[in-house]
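One structure is given below, encoded as structure tokens.
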2 protein chains.
Amino acid sequence: MNLKELATKLGLSPTTVSRALNGYPEVNEATRERVMAAAKRHNYRPNTRAIRLATGRALAIGHVIPLATRHEIMNPIFADFIAGAGETYSRNGYDMLLSVVPDEEEEQAYRDLKSRGSADGVILHAPRMNDPRIPLMHEIGIPFVVHGRATDTALPYSWVDVNNRRAFQRATEFLLDLGHARIGLVNGLEFMDFAIRRRTGYADAHAARGLPLDPALMSSDEMTEISGFRAASAMLDLPDPPTAFLVASMISGMGVRRAIEGRGLTMGRDISVIIHDDDLSYLKNGDDVPIFTATRSSVREAGRIAAEMLLAIITQHGSEPQNRLLEAELIIGQSTGPAPRRA
Amino acid sequence: MNLKELATKLGLSPTTVSRALNGYPEVNEATRERVMAAAKRHNYRPNTRAIRLATGRALAIGHVIPLATRHEIMNPIFADFIAGAGETYSRNGYDMLLSVVPDEEEEQAYRDLKSRGSADGVILHAPRMNDPRIPLMHEIGIPFVVHGRATDTALPYSWVDVNNRRAFQRATEFLLDLGHARIGLVNGLEFMDFAIRRRTGYADAHAARGLPLDPALMSSDEMTEISGFRAASAMLDLPDPPTAFLVASMISGMGVRRAIEGRGLTMGRDISVIIHDDDLSYLKNGDDVPIFTATRSSVREAGRIAAEMLLAIITQHGSEPQNRLLEAELIIGQSTGPAPRRA
DNA sequence: AATCATACTCAAACCGCTTTGGATGCCGCA
DNA sequence: TGCGGCATCCAAAGCGGTTTGAGTATGATT
């Protein structure tokens, strides 16, 4: 059932039917109702392909996911972000287009999205310092929103980000207030922007109290269980081990916990741990009582916000870059406590 | 730059240019090369919207993700499956369309995909017993492939699945051979098809040796760290606790490990554990030496295979339902060992 | 030399919708 | 009575490709 058929069935022209359905004013209210009713009755859905061609809009938002060596992107965080963004898209009649491409084809993937006209905008994931994709988007001329920020980027851009620096600064202060003097940082890969900011927060908190930073207490790796375990193990084996850890994710936190408990220590009593919790739907930090004390910020919510921002930019095109900084909550769980007295 | 412009620039008709680019035989080889070169030079990309309308194909595969209460679907497994499928799509010039919709709109989402012509086929995730989506797909008349199987489904359908029954049967036998007499099953939600099959495998292995099943040793819940912890804790507190666990996922396995180690027991010595490992890119079961003994099957590979199957079905339409049963490997790690002698 | 494939190439229709630029009829008003 | 204005509706022209059905050389065949 297409427009033309519906029109002849109604004894109207396609023009009128189209206008009636799309809420244009130049159609009699009675006629509109008749058309609406007929459309419903015949279960008419306009063909998206035709709409897209006729209007020149893609009605779709692209997400490019490079695969290959770096695993950081197609990760659990990404899945939740997508879920949040996807909700917003479908509520607004947009499709979500995922392009999974080999690393080296990433740039071309963005170009194709534009030149073949299959997306009206894109969301950039996992920005790094001075991310080359931002100038690329400007060159291509496609609306975009970055999930995160890209330090050292000269060009303006819209973004949605968590205040990672502040979150880690607060968490560090919280630990310092509890009397912890040596705090281990189990960070994500530090070419990722968020990891840099978190480290800055950790450093700022130390600096504010005139405390030195010990490189031996700062690690940076992918956020896996194993790397968390390794990093924590190495630090715990130091002659002067930390009494607390600040950990970049729930998953690496699990590895940290394993290292702690494997040494017969108790988390929350002997060693305190604070993690960053992205509030993933399938990786909850406890239900009633949080397991880990955590800086929490829903990545799913970030997805929703980023999507709304992008759609707004697309519709009222030519607007100023927008941005939104989300503050993480500090959730007190069972994994932190006062620093143990020196033996 | 569009077809018509390119054609006039070349002094040819759009017809010829189109044919030259699409490899039709009725065009002079010299002309074709000339066209190809010009296309490259002017960086011409055919407009996808126009192709879709003209050919009537969507050149896209749909994945519908219901959200809301059940968290089982937008989960880490899903992300990896998507990555695998996405690779295949982009290699074949297809787009991946993700529809994230509220639970109650799921059916309508599938219908729209078809009636608005935005997908040539769909992949069904996380099938349950007697899954209503399978008759729905038949009614709608859209090609589809199921990731997993749906027990008790009368209609024929194509699927890609892991031999979950066999995997868990082998794992159980492996534990029994090591002398474990009481094996705890920490299963996923048993309205999911894969969980049912795993339980069957576990039961079959017991039955084959004439061993009874103890309901107290069989749990079923979402596959989270916490629920793994809870299930294992409860079983370990039994008067006659298990000496081994069979666990549905890496994440719940972490909870099981926490329960074990929290009791001062050592995994692999006091208590053996076998998990199912979906070989997720960011949740590796160790790198060189596996942490957990595991039944392993790459869900990403399953994604690739399912996507290929679906594309094949779409191109040579009207073919028989296809299916592919993947066998899981049994990977020996550090979490299993002979049953401890009775005290 | 006439006939006939064969190899190229093109004009035009079409995909299903939107949108421009009229038509048409009716009313109010001078 | 004549005319501008308003409310409705429509024909037709896109959007940018693909595909059908011919047309025109060219060379081979008889």
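We name chains A, B, ... by the order of the sequence lines, and we start the count at 1 in each one. Keep in mind that what you see is a predicted model, and the values were worked out from it rather than measured.
What you find for V64(A) and A109(A) is that their closest heavy atoms are CG1-CB, 4.1 Å. The two atoms that bring I61(B) and V122(B) nearest to each other are CG2-CA, 4.2 Å, heavy atoms only. Between I51(A) and P46(A), the shortest heavy-atom distance links the atoms CD1-CB, 3.6 Å.
Of all the residues in residues 6-16 of chain A, T15(A) reach under 4.0 Å from DNA chain C with at least one non-hydrogen atom. For the segment residues 22-48 of chain B, residues with any heavy atom less than 4.0 angstrom from an atom of DNA chain D are, sorted by number, N22(B), Y24(B), Y44(B), P46(B), N47(B). For the segment residues 111-120 of chain A, no residue has any heavy atom less than 4.0 angstrom from an atom of DNA chain D.
A distance-only check finds a donor-acceptor pair linking the side chain of K114(B) to the backbone of G141(B) [under 3.5 Å]. A side-chain donor-acceptor contact under 3.5 Å links R49(A) to the backbone of G56(B). In this structure, the side chain of R45(A) does not engage the main chain of R116(B) through any donor-acceptor pair within 3.5 Å.
One end of the helix from dA1(C)-dT30(D) to dA30(C)-dT1(D) points its axis 70° away from the other end's axis, with each axis taken from 5 pairs and the angle rounded to 10°.
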Legend entry - Worked verdict on I82(B) versus L98(B) for side chain to side chain contact (heavy atoms under 4.5 Å, CB included): CA-CA 10 Å; I82(B) 283 299; L98(B) 245 55; 4.1 Å; yes
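Using a 4.0 Å heavy-atom criterion, one finds that I51(A) contacts the sugar-phosphate atoms exclusively. Base engagement by L3(B) is indicated by at least one non-hydrogen atom pair under 4.0 Å involving a base atom.
W159(A) CH2 to R324(A) CZ: the interatomic distance, rounded to the nearest 0.5 Å, is 10.5 Å. Expressed to the nearest 0.5 Å, how far CZ of R41(A) lies from CG of L6(A) amounts to 8.5 Å. Rounding to the nearest 0.5 angstrom, the gap separating the CG atom in N47(A) from the CG atom in L53(B) is 6.5 Å. Rounded to the nearest 0.5 angstrom, L59(A) CG and S118(A) OG are separated by 12.5 Å. Atoms NZ and NE2, from K9(B) and H42(B) in turn, are 4.5 Å apart once rounded to the nearest 0.5 Å.
For the pairing with F144(A), the ring-ring contact (aromatic ring centres under 6.0 Å, His included) check across H138(A), H125(A), H63(A) returns one residue only, H138(A).
Residues L124(A) and V145(A) are not in side-chain contact: their nearest non-hydrogen atoms beyond the backbone lie 4.5 Å or more apart.
Between R133(B) and E107(B) there is no salt bridge, since no side-chain N of the basic residue sits under 4.0 Å from a carboxylate O of the acidic one.
A donor-acceptor contact closer than 3.5 angstrom links the side chains of T16(B) and S13(B). With 3.5 Å as the limit, one finds a donor-acceptor pair spanning the side chains of T151(A) and D193(A).
Interface limits on DNA chain D: the 5'-most and 3'-most nucleotides within less than 4.0 Å of chain A heavy atoms are dT8(D) to dG16(D). Boundaries of the chain A contact region on DNA chain C are dG16(C) to dG21(C), first to last in 5' to 3' order (nucleotide atom under 4.0 Å from a heavy atom).
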